[in-house]
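Read through the structure below, which is laid out as structure tokens, and then see the notes.
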Amino acid sequence: MPKMIVSIDGVVIKEVTLAKDRTTLGRRPYNDVVIDNLAISGEHAVLHMIGGDVYLEDLNSTNGTYVNGRAVKKQALENNDVIEVGKYKIRFLVGGAAAESSGSAAVVAAAPSGPIPLSSDPTVHTPLGGTGVAVIRVLSGSGAGRELTLQKVVTTIGKPGVAVAAVTRRLHGYVVAPIDGGTALNGEPLGNEAVALQDGDVLELGGTRMQFVAG
């Protein structure tokens, strides 16, 4: 069965098996593949599976959909094609190649110990508000004591394949939203919508507790 391997900055954050005739991709929570990032349109693209072929169609997205570096409106996908939406790269794999990739992705995800800070935007921006840059402090697990500075517009935290969440910097503070797996905020499960973070809030992803410390 065809698969899509979603990554950012070279780190795999999600694997999606294409089991339906129509698979939607976008920022809104009702999509089959949800990427909560402002560079992604609410309804960004759709993949049509017709027989043994898969076609990618851009849904008039704001920032466009690219395959192997070229902007496309509708295109048949071939094994190992790379789809780009915003800063995210999605590798399309068919059959045996998809199975091999699952094994290699597990190695990538398992290599670091403790929560993995995944950079979602390689550009460092100047502070948008507050007195300084906030941090995420790891409270439990093998990474306890580590601090991740939230310098980027979007910083992804967690363990790929277990639980991943995105902390987004906005004009008046930071918000958090789950990307993959379960995320709890102060003991309460997060839904699909982004939630504002307050100084001292405690996040839990895959059994690891982290605290948001405002700048």
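By convention here, the first residue in the shown sequence is residue 1.
Here the shortest heavy-atom pairing between A214 and A134 reads CA-CB, 3.9 Å. When all heavy atoms of M49 and P2 are compared, the closest pair comes out as SD-CG, 4.0 Å. Across all their heavy atoms, G86 and A39 have their closest contact at CA-CB, 4.0 Å. Annotation for V94 and N79: closest pair N-OD1, 2.9 Å, computed over non-hydrogen atoms. Closest approach of A177 to A194, counting heavy atoms only: CB-CA, 3.9 Å. Considering every non-hydrogen atom in both A71 and Y66, the closest pair reads N-CD2, 3.3 Å.
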Report task. Go through L148 and V135 one step at a time and tell me if the side chain to side chain contact (heavy atoms under 4.5 Å, CB included) criterion holds. Result -> CA-CA 5 Å; L148 172 63; V135 299; over 6 Å; no

Requested in this report: Report the C-alpha distance between L185 and V202 in whole Å, list the side-chain angles of each, state the deciding distance to 0.1 Å, and finish with yes or no for side chain to side chain contact (heavy atoms under 4.5 Å, CB included).
Outcome: CA-CA 6 Å; L185 175 63; V202 175; over 6 Å; no

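Shown here are the salt bridge (Lys or Arg N to Asp or Glu O under 4.0 Å) partners of D201, two or more places apart in sequence or in another chain: there are none. Every residue two or more places apart in sequence or in another chain that forms a side chain to side chain contact (heavy atoms under 4.5 Å, CB included) with N80 is listed here: R91, L93. T24 meets the side chain to side chain contact (heavy atoms under 4.5 Å, CB included) test with R22, N31, D32, V46; sequence neighbours excluded. Not counting sequence neighbours, E43 has no partner by the salt bridge (Lys or Arg N to Asp or Glu O under 4.0 Å) test.
Judged by distance alone, the side chain of R27 and the main-chain N or O of I40 form a donor-acceptor pair under 3.5 Å. Judged by distance alone, the side chain of T155 and the main-chain N or O of V167 form no donor-acceptor pair under 3.5 Å. A distance-only check finds a donor-acceptor pair linking the side chain of S140 to the backbone of R209 [under 3.5 Å]. Side-chain atoms of H48 do not come within 3.5 Å of backbone N or O of T23 as any donor-acceptor pair.
Contact annotation: the side chain of V85 never approaches that of N63 to less than 4.5 Å [non-hydrogen atoms, C-beta and beyond]. In this structure the side chain of E57 never reaches within 4.5 angstrom of the side chain of L47, judged on heavy atoms. Put simply, the side chain of V133 reaches to within 4.5 Å of the side chain of R169, judged on heavy atoms. Looking at heavy atoms from C-beta onward, M4 lies out of side-chain contact with E15 at the 4.5 angstrom threshold. L205 is listed as a side-chain neighbour of M210, based on a closest heavy-atom distance under 4.5 Å.
Legend: salt bridge (Lys or Arg N to Asp or Glu O under 4.0 Å) pairs involving residues 73-84, not counting sequence neighbours, sorted by first then second residue: D58-K73. The ring-ring contact (aromatic ring centres under 6.0 Å, His included) contacts involving residues 192-215 comprise Y174-F212, where partners must be two or more places apart or lie in separate chains.
Taking CD1 of I13 as the reference point, atom CD1 of I8 lies at 6.5 Å (rounded to 0.5 Å). Taking NE2 of H44 as the start and CG of N37 as the end, the distance is 10.5 Å to the nearest 0.5 Å.
Taken together through direct or relayed side-chain contacts under 4.5 Å among Ile, Leu, Val, Met, Phe, Trp and Tyr, V175 and V213 form parts of separate hydrophobic clusters. Under a hydrophobic-cluster definition in which Ile, Leu, Val, Met, Phe, Trp and Tyr are linked whenever side-chain heavy atoms come within less than 4.5 Å, directly or via other members, V16 and I35 are assigned to the same cluster. Put simply, V33 and L59 are part of two different groups of oily side chains (I, L, V, M, F, W, Y) that touch within less than 4.5 Å, one to the next. Linking ILVMFWY side-chain heavy atoms closer than 4.5 Å, directly or via other members, places V34 and L18 in two distinct hydrophobic clusters.
When each of V67, I83, L77 is tested with V72 by the rule side chain to side chain contact (heavy atoms under 4.5 Å, CB included), just one qualifies, namely V67. Paired with V6 under the rule side chain to side chain contact (heavy atoms under 4.5 Å, CB included), one option of V12, L25, I90 passes, and it is I90. None of T208, I136, N186 except one satisfies the side chain to side chain contact (heavy atoms under 4.5 Å, CB included) rule with L203; the exception is I136.
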